[in-house]
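Accompanying notes for the structure given below.
Reminder, nothing fancy here: chain letters follow the sequence lines and each chain counts from 1. Computed over heavy atoms, backbone and side chain alike; hydrogens, waters and symmetry mates excluded. Because the structure is a prediction, the values reported are computed rather than measured.
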Number of protein chains: 4
Amino acid sequence: MSTPVATPTHPPRQRRKEARPQELIDAALELFAEKGFAATRSEEVAARAGVAKGTLYLYYPSKEELLKAVISQRLSSEIAAVTEYARGYRGSCDSLLREVFTEWWSRVFDSPTSAVFKLVITEVRNFPDIAAFYRGAVVEPATALVGEIVERGIRSGEFRPIDVHGTVMSLVFPMIMLCLHKHSLGACAPATEMMDPHGFIRQHVDIVLHGLRADPSASARGVA
Amino acid sequence: MSTPVATPTHPPRQRRKEARPQELIDAALELFAEKGFAATRSEEVAARAGVAKGTLYLYYPSKEELLKAVISQRLSSEIAAVTEYARGYRGSCDSLLREVFTEWWSRVFDSPTSAVFKLVITEVRNFPDIAAFYRGAVVEPATALVGEIVERGIRSGEFRPIDVHGTVMSLVFPMIMLCLHKHSLGACAPATEMMDPHGFIRQHVDIVLHGLRADPSASARGVA
Amino acid sequence: MSTPVATPTHPPRQRRKEARPQELIDAALELFAEKGFAATRSEEVAARAGVAKGTLYLYYPSKEELLKAVISQRLSSEIAAVTEYARGYRGSCDSLLREVFTEWWSRVFDSPTSAVFKLVITEVRNFPDIAAFYRGAVVEPATALVGEIVERGIRSGEFRPIDVHGTVMSLVFPMIMLCLHKHSLGACAPATEMMDPHGFIRQHVDIVLHGLRADPSASARGVA
Amino acid sequence: MSTPVATPTHPPRQRRKEARPQELIDAALELFAEKGFAATRSEEVAARAGVAKGTLYLYYPSKEELLKAVISQRLSSEIAAVTEYARGYRGSCDSLLREVFTEWWSRVFDSPTSAVFKLVITEVRNFPDIAAFYRGAVVEPATALVGEIVERGIRSGEFRPIDVHGTVMSLVFPMIMLCLHKHSLGACAPATEMMDPHGFIRQHVDIVLHGLRADPSASARGVA
DNA sequence: AATGAATGAGGCTTCATTCAT
DNA sequence: TATGAATGAAGCCTCATTCAT
C-alpha cells in the first residue's frame, strides 16, 4: 500500500538534448528489427528511449526519417573500420580472409548492428532511398574489399580459379543469414540454440577456404 | 517450361469458388513478401486476387489467418517432395548432395515459394505460431535430411570429420539468402543483376563439397 | 428505465451513396462557418451529416478538399442564375438594379449560401486555391453584371457620372456584410435583432440609387 | 507620415519588459488576422514578437487570453477618439459625417486596427466574451455617434426621413468590408488592386449622403 | 526574467472488419 | 455467394502548455 497521491505524478523531466538522438536510434533499431517498421508504433520507440511521444518528433521529423537514420547510422562506420583493418596486411590471402571475417563478425554479430540486416531486407522495397544508400555504402565497399583479396589469391595461385563474386557471396551470405536468424527464428522462445555462432563462422570460413585451395596434386602436376 | 496454349483458362465469369482460396493465398504471398504483413492492406490482397474486399472474409476469417495459411501452405509439400526424391538414392554422398540441392533449388528459387522465406524471417517474431510450425515442418525435416547425408559421408570416410549441423548451414544458408535477396535488394530497380543464381548455387555447393573432402589428393585422383 | 442491453448497439447502417456528398457539404458549411475551418473537427462534420468519422473520407480525401468542395459548390450556380435573370430585362437601370439585388438577396441571405462569404473571408489566406476560384467564379462575374448595368445607366444619363467599380461596391458590400454579420455577431445570443435584413437591403439600394441619380436641375440646365 | 530617423530605437539587448505586452499583441493581431486564431501557433506569435515560446506565457496565461487582449486593446480607444472629435462640431450634418468618416477611416484602414474586424467576425462565435465586449465597446458607441448625427439631420430637414439604424449601416458596412477585404482576398497575390480605398470611401459617403438629402434641387442649389 | 526541451491531450486519417443489399 | 458502403479503433503527428535550467 503505497501512499496515494491525488495529483497525477509526472515523471521527472530530463533535459538531455545531446544524448537523445542516439537513444532514439537505438530504441528504434531494436523495435523495428523485432516487429518490423510498420508494426512498431512511434510511441513505443519513444517509451523505450525513455521519453514521451512528442519528444521523438523534436529529433526526427517522421517515423520514416527515423528509419533512415537508424539504417544509415550503423553500417558505414563498420565497413570503414574493417577496410582499414585489412589495409597493409602481409601474409597469405587465406589467413587475411580469416582475419577479416573474424574481425567483422566480432564487431557485428554481438552488437545491435546485426539487426540492421533484418531491417534492410524487410524494408528496402518500401523505401527506395534505403536501397540506394545500402548498395553504395555497404554492399559495394564490402564486396570490393573481399573480392580483391580473393582475386589476389587466385592470381598468386593460392586459390583455384573460380568466380570471384560468387565466392564472396559464399563466404558472406551465411554470416548475414546468422544475423537474420538471430533476430527472427533464433529469437523465438524454445529454441535448441543452434551451436555457437562464432564457432560456426570459423568452421564455415574454414570449409570455404579449404574448398578454394588450388588442388595440390593438380598444381603439383601443373608446376612439374 | 511453360505449356503455351494448353492451359485450360476458365472464363472469368464462372471462376469457381474452389479456386478462390489458392488465388487469395498467391496474391497474399506476393504482397506480404513485397511490403510486409502490416503494410499490406487486405483490400490490396483482394484486388490482386480479383475479388472484392468483403469476399476475402468469406474464405479467411482475418488477415492473420490468411498469413498463417500462406506460410503453412507452400513449404511442407516441397520438403516432402525432396525427401522423397532423396530416398533410396545410391551413389556417393557428394553427388547425392548435389542432386538434392539442385532439385530443391529448381523447385524453390523461381517459384513463389522463394518469397516464403522472407515472410517467415519478417513475421515470426510477431506470430509465435509461425515459429513453431516452421521449425517443425521445415527446419527440422530439412536439417535432418541433409544432416544424415553429411553424417553418412563422414562415417564412410568420404568427408573429413566436421560439425554436421554447421555444415548443413554452410550449404543451405546462401540459398536462403539468395531467396531473400531476390525479394528485397534484388527487386530494387537499378541492380547490376548479381550473376546467375543457378550458377552461383552450383558453384557454392561445389566449393563447400570440395572443402569437405577427406583428402584433397584422393579427390583429385577421383576427379582425374 | 429502458431495457438495458449488453451488446453495444450499433446505429443502423444506411447505404446512401448518392445523398452523402451533399449532406456532408451542408454539414461542413454550417460548421466551418460557425467555428472556422481549423477549429472544426472532421468528426463533428461527419456526426452532423449523420455518418461515422471514416465515412467522410470515402467521399472527400481530406478535410481541406472538403472545404474546397463546400466553397465551390454553392456560389457559381447563384451567380449564373442571377445573370440569367438579368439578361434581356427591359426598363430603367434603376428598376433593373432593384430587381437584381432583390432576386440575389432572396436567394442568398436566407439560404446556407450566406455562410460561404464568411468562410471565404476567413480562409482565403490559408488556401490560395480558394482565392483564385472565388475571384474567377464569383467576384468577376458579379462585378461585371452589376457594373454593366451601372455603366449603361451613366451612358443613358439616368445616373450621374461616377466611378463604376466603386458604385458596385457601394451597392454590394453592405449585403455581404449582412451575411457575415448573420454568421458572426448576429448569431451571438442576446442580440437586439438588427432590423429586418430584407427591409434594410431595400432601403440601402434605395439610398444608393437615389444618390446616383443625375441631378435633375443640373441635367435640366444641361439639357436646356 | 513616417518619422524617418527620430524614432528612438532601443538596443535589442535591453528591450525593456514594459514593451513586451504590446509587441506580443501586435504580433498576435497580425497572425490571428492572417491565419485565424486556431491555425496560428503560439510559438509563431512569440517568434514574430522576437521572444521565445515560454516568454509569451509570462505575459499572457493562455492563447485565448492573448486573443481577448488583442481585441479589446485596439478598438475602444479609436471610438473614444472619434467621439471626442465629433463633440462640439458646428456645421451641417452632411459635412460632419464626412469629417467623422474621413477621420475614422484614416485612423483605421492603414493601421493594424483594420485587422481587428476580421478577427472579430471570425472568432466571436467561438468566444462569447468577445461578442459582449465588442457590442458594448464598439458597436453601440459607434452606432450611437453616427446615429445621432443622422437623426439630427433628419429633424433639421437636412436629410429626408428614413430609418436611422439602416442608414448607419449603409454608411459603415462598406468601410468594414474594405477592412475585411484588405486582410482576405485583397491580400492574395495577383490582385488588380481594387481602386484606391480612400477614394472609394470618399465616393461612397458622397453617394449615400447624396441619397439622403431631403430635396435634390435644394442640394443642387447648395452645391452650385 | 528568459529560454527551449519535454510533455501528452487531441486531431486527422487509415484500414480491418462488418453487414445491408 | 459477392459486393462495397459504412464503421470505429488505433496510429501518426501537432502544438498548447509546463518547467528545469
Could you list the residues that satisfy side-chain hydrogen bond (donor to acceptor under 3.5 Å, both in side chains) with B:Arg41, not counting sequence neighbours?
-> none

Pairs flagged by ring pair (Phe, Tyr, Trp, His ring centres under 6.0 Å) wherever residues 38-75 of chain C is involved - sequence neighbours left out = none

So what stems show up for DNA chain E if we need 3 or more Watson-Crick or G-U pairs in a row, all under 3.5 Å?
-> E:2-21 with F:2-21

Here the residues of residues 120-129 of chain C within 4.0 Å heavy-atom distance, strictly under, of DNA chain E are none

Does D:Arg41 place a side-chain N or O at less than 4.0 Å from the phosphate oxygens OP1/OP2 of F:dC15?
-> yes

Think A:Arg16 has a side-chain N or O under 4.0 angstrom from the OP1 or OP2 of F:dA20?
-> no

Identify, with sequence neighbours excluded, every residue that meets side-chain hydrogen bond (donor to acceptor under 3.5 Å, both in side chains) alongside C:Glu30.
-> C:Arg48

How would you list, by chain and number, every residue that makes a salt bridge (charged side-chain N to carboxylate O under 4.0 Å, His left out) with A:Glu23, sequence neighbours excluded?
-> A:Arg16, A:Arg20

State which residues pass side-chain hydrogen bond (donor to acceptor under 3.5 Å, both in side chains) with A:Glu65; sequence neighbours excluded, sorted by chain then number.
-> none

Sorted by number, the residues of residues 46-67 of chain C with heavy-atom contact under 4.0 Å to DNA chain F = C:Val51, C:Ala52, C:Lys53, C:Gly54, C:Thr55, C:Leu58, C:Tyr59

Using atom types as modelled, flag every donor-acceptor pair under 3.5 Å from a side chain in residues 117-126 of chain D to any protein atom, sequence neighbours excluded.
unit_1, atom_1, unit_2, atom_2, d
D:Lys118, NZ, D:Ala33, O, 2.6
D:Lys118, NZ, D:His183, O, 3.1
D:Thr122, OG1, D:Lys118, O, 2.6
D:Glu123, OE1, D:Asn126, ND2, 3.4
D:Glu123, OE2, D:Phe37, N, 3.1
D:Asn126, ND2, C:Lys35, O, 3.0

Can you name the residues that form a side-chain hydrogen bond (donor to acceptor under 3.5 Å, both in side chains) with D:Glu43, not counting sequence neighbours?
-> none

What residues, two or more places apart in sequence or in another chain, satisfy side-chain contact (heavy atoms from CB on, under 4.5 Å) together with D:Pro112?
-> D:Leu29, D:Arg74

Go through residues 21-32 of chain A and report each residue with a non-hydrogen atom lying under 4.0 Å from DNA chain F, sorted by number.
-> none

E:dA1 OP1/OP2 closer than 4.0 Å to side-chain N/O of D:Arg20 = no

